[in-house]
Amino acid sequence: MRKLLVSLFFSVLCFFLCSCASKVPEHYVAFYLESPKKSGTFDISRTFMLPVINKEIRVSRDPVFNIDALSDCVVSQKYDPVLDTHIPGLFFRIKDDYSIRLEQIASRAEGRKFLLVADGKPLGFCILKKNMTRNDLFFFVMTSVSGNEALSQLDELCFELNGYILEFREYKENQ
């Protein structure tokens with residue numbers, strides 16, 4: 001009888017502890033750095049196919065910034081002087097701790113791209129420039145629509161990505 005009570009007690013305790021533990025987030029957002037044009041044969045890399053334009057981009061195997069580096073994102077527009085138009089996309093804010101790393105990477109990788117990947121799917125890219133700061137992380141997001149419909153899709157995507165970031169932040173705080 002005593003063994004049964006002890007066993008029951010530990011079962012209830014285990015159930016309680018497991019149900020209180022924070023659930024590992026299902027979703028993930030990361031920035032991958034495009035591999036240099038002249039990289040070695042044995043460099044570890046992977047490729048992603050950008051949606052809509054079907055362009056393959058080879059990137060480093062591991063992300064440069066993961067979801068932990070991100071504060072949030074907002075829908076924004078960037079003026080393109082060549083096309084003489086504003087192009088919608090997502091502007092990401094990163095945490096202060098990561099801004100120096102961003103500047104170092106950008107100074108060595110000018111002209112290459114950061115690839116925005118969520119749950120293993122590429123969504124868009126950001127072209128790196130030499131004097132890039134944390135205020136320059138604008139991503140062109142691939143969409144097959146334009147105008148208000150594109151902005152509506154970006155709003156939905158932004159809401160979803162911010163949800164992923166918040167879910168991950170809460171998970172980290174509860175650990």
Side-chain angles (χ1 to χ4, degrees), residues 24-83 85-146 150 153-154 156-158 160-169 171-172:
V24 176
E26 297 176 34
H27 303 286
Y28 196 77
V29 180
F31 300 162
Y32 288 83
L33 179 62
E34 180 181 30
S35 296
K37 300 286 185 224
K38 297 179 182 181
S39 59
T41 306
F42 298 106
D43 286 347
I44 298 174
S45 63
R46 63 191 294 186
T47 57
F48 286 104
M49 184 71 74
L50 282 175
V52 180
I53 61 173
N54 293 326
K55 180 177 178 174
E56 190 175 82
I57 294 184
R58 192 164 49 99
V59 298
S60 53
R61 183 187 66 171
D62 297 320
V64 176
F65 293 110
N66 64 24
I67 196 167
D68 193 36
L70 308 178
S71 293
D72 68 335
C73 69
V74 294
V75 175
S76 184
Q77 293 191 32
K78 187 173 187 176
Y79 179 73
D80 185 340
V82 174
L83 299 175
T85 188
H86 285 83
I87 300 173
L90 295 176
F91 170 74
F92 279 86
R93 290 185 265 254
I94 62 171
K95 296 176 183 171
D96 291 337
D97 313 4
Y98 296 90
S99 60
I100 292 173
R101 184 168 178 217
L102 172 64
E103 291 171 21
Q104 291 170 340
I105 292 168
S107 70
R108 292 189 316 260
E110 183 178 19
R112 290 171 33 202
K113 297 173 187 73
F114 268 157
L115 194 63
L116 168 62
V117 177
D119 291 341
K121 297 176 198 152
L123 300 176
F125 63 92
C126 173
I127 300 172
L128 299 175
K129 58 184 184 180
K130 190 171 190 125
N131 298 322
M132 188 168 214
T133 67
R134 60 187 291 204
N135 296 323
D136 297 320
L137 281 174
F138 178 84
F139 285 80
F140 299 98
V141 176
M142 305 290 105
T143 177
S144 59
V145 295
S146 60
Q153 279 186 358
L154 284 174
E156 289 174 20
L157 178 62
C158 183
E160 189 174 356
L161 295 177
N162 279 325
Y164 297 172
I165 294 167
L166 181 61
E167 180 183 354
F168 185 81
R169 188 178 303 139
Y171 167 75
K172 291 291 276 190

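Scope of the values below: all heavy atoms of this structure, side chains included, with no hydrogens, waters or symmetry mates.
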Shortest non-hydrogen contact from Asp119 to His27?
OD2-ND1, 2.7 Å
Is any side-chain heavy atom of Phe139 closer than 4.5 Å to one of Leu123?
no
Is it the case that the ring center of Phe92 lies less than 6.0 angstrom away from the ring center of Phe65?
no
Would you please classify the geometry between the Phe140 ring and the Phe138 ring as parallel, tilted or perpendicular, with 30° and 60° separating the classes?
perpendicular
To the nearest 0.5 Å, what is the distance between OH (Tyr171) and CG (Asp68)?
11.0 Å
side-chain contact (heavy atoms from CB on, under 4.5 Å) assessment of Thr47 paired with Ile57
CA-CA 5 Å; Thr47 57; Ile57 294 184; over 6 Å; no
Working to the nearest 0.5 angstrom, can you tell me the gap between Ile105 CD1 and Phe114 CZ?
5.0 Å
If you look only at distance, which donor and acceptor atoms sit under 3.5 Å apart when one is on a side chain in residues 106-113 and the other is two or more places apart or in another chain?
from: Ser107; atom 1: OG; to: Glu103; atom 2: O; distance (Å): 3.4
from: Ser107; atom 1: OG; to: Gln104; atom 2: O; distance (Å): 2.9
from: Arg112; atom 1: NE; to: Glu34; atom 2: O; distance (Å): 2.8
from: Arg112; atom 1: NH2; to: Glu34; atom 2: O; distance (Å): 3.0

Under a 4.5 Å cut-off applied to non-hydrogen side-chain atoms, are Tyr32 and Val64 in contact?
no
Modelled atom types, side-chain donor and acceptor of Tyr164 and Glu160, under 3.5 Å:
yes
Do Asn162 side-chain atoms and Cys73 backbone N/O form a donor-acceptor pair below 3.5 Å?
yes
For the student: nearest non-hydrogen atoms of Cys126 and Met132, plus distance:
SG-CE, 3.4 Å
CE (Met49) and CE (Met142) are apart, to the nearest 0.5 Å, by 13.5 Å
Could you tell me the separation between the CZ atom of Arg46 and the CG atom of Leu115, rounded to the nearest 0.5 Å?
9.5 Å
Between Phe31 and the options Leu70, Asn66, Val59, the side chain to side chain contact (heavy atoms under 4.5 Å, CB included) test singles out Leu70
Decide if atom CD1 of Ile53 counts as having more than 12 heavy atoms of other residues, nucleotides or ligands within a radius under 6.0 Å.
yes
Tell me the closest heavy-atom pair linking Ile165 and Asp72, and the distance in Å.
CD1-CA, 4.0 Å
Residues that Glu26 engages under side-chain hydrogen bond (donor to acceptor under 3.5 Å, both in side chains), provided they are two or more places apart:
Lys23
So, do Val117 and Val29 sit near enough that their side-chain heavy atoms are less than 4.5 Å apart?
no
Of the non-hydrogen atoms in Val74 and Arg93, which two are nearest, and what is the gap between them?
CG1-NH2, 3.3 Å
Side-chain contact, heavy-atom cut-off 4.5 Å: Leu116 with Phe125?
no
Shortest non-hydrogen contact from Pro122 toward Leu50
CB-CD2, 4.3 Å
Pairwise side chain to side chain donor-acceptor pair (under 3.5 Å) hits with a residue in residues 128-143, at least two apart:
Asp96-Arg134, Thr133-Asp136, Thr143-Gln153
With a sphere of 6.0 Å drawn around NZ of Lys95, does it hold more than 12 non-hydrogen atoms of other residues, nucleotides or ligands?
yes
Please report the shortest heavy-atom distance between Pro63 and Tyr28, naming the atom on each side.
CG-OH, 4.5 Å
Nearest-0.5 Å distance, CD1 of residue Ile67 to CG of residue Leu166:
9.5 Å
What distance do Ile94 atom CD1 and Ser71 atom OG have between them, rounded to the nearest 0.5 Å?
8.0 Å
Using side-chain heavy atoms (C-beta onward) and a distance below 4.5 Å, is Leu102 in contact with Leu137?
yes
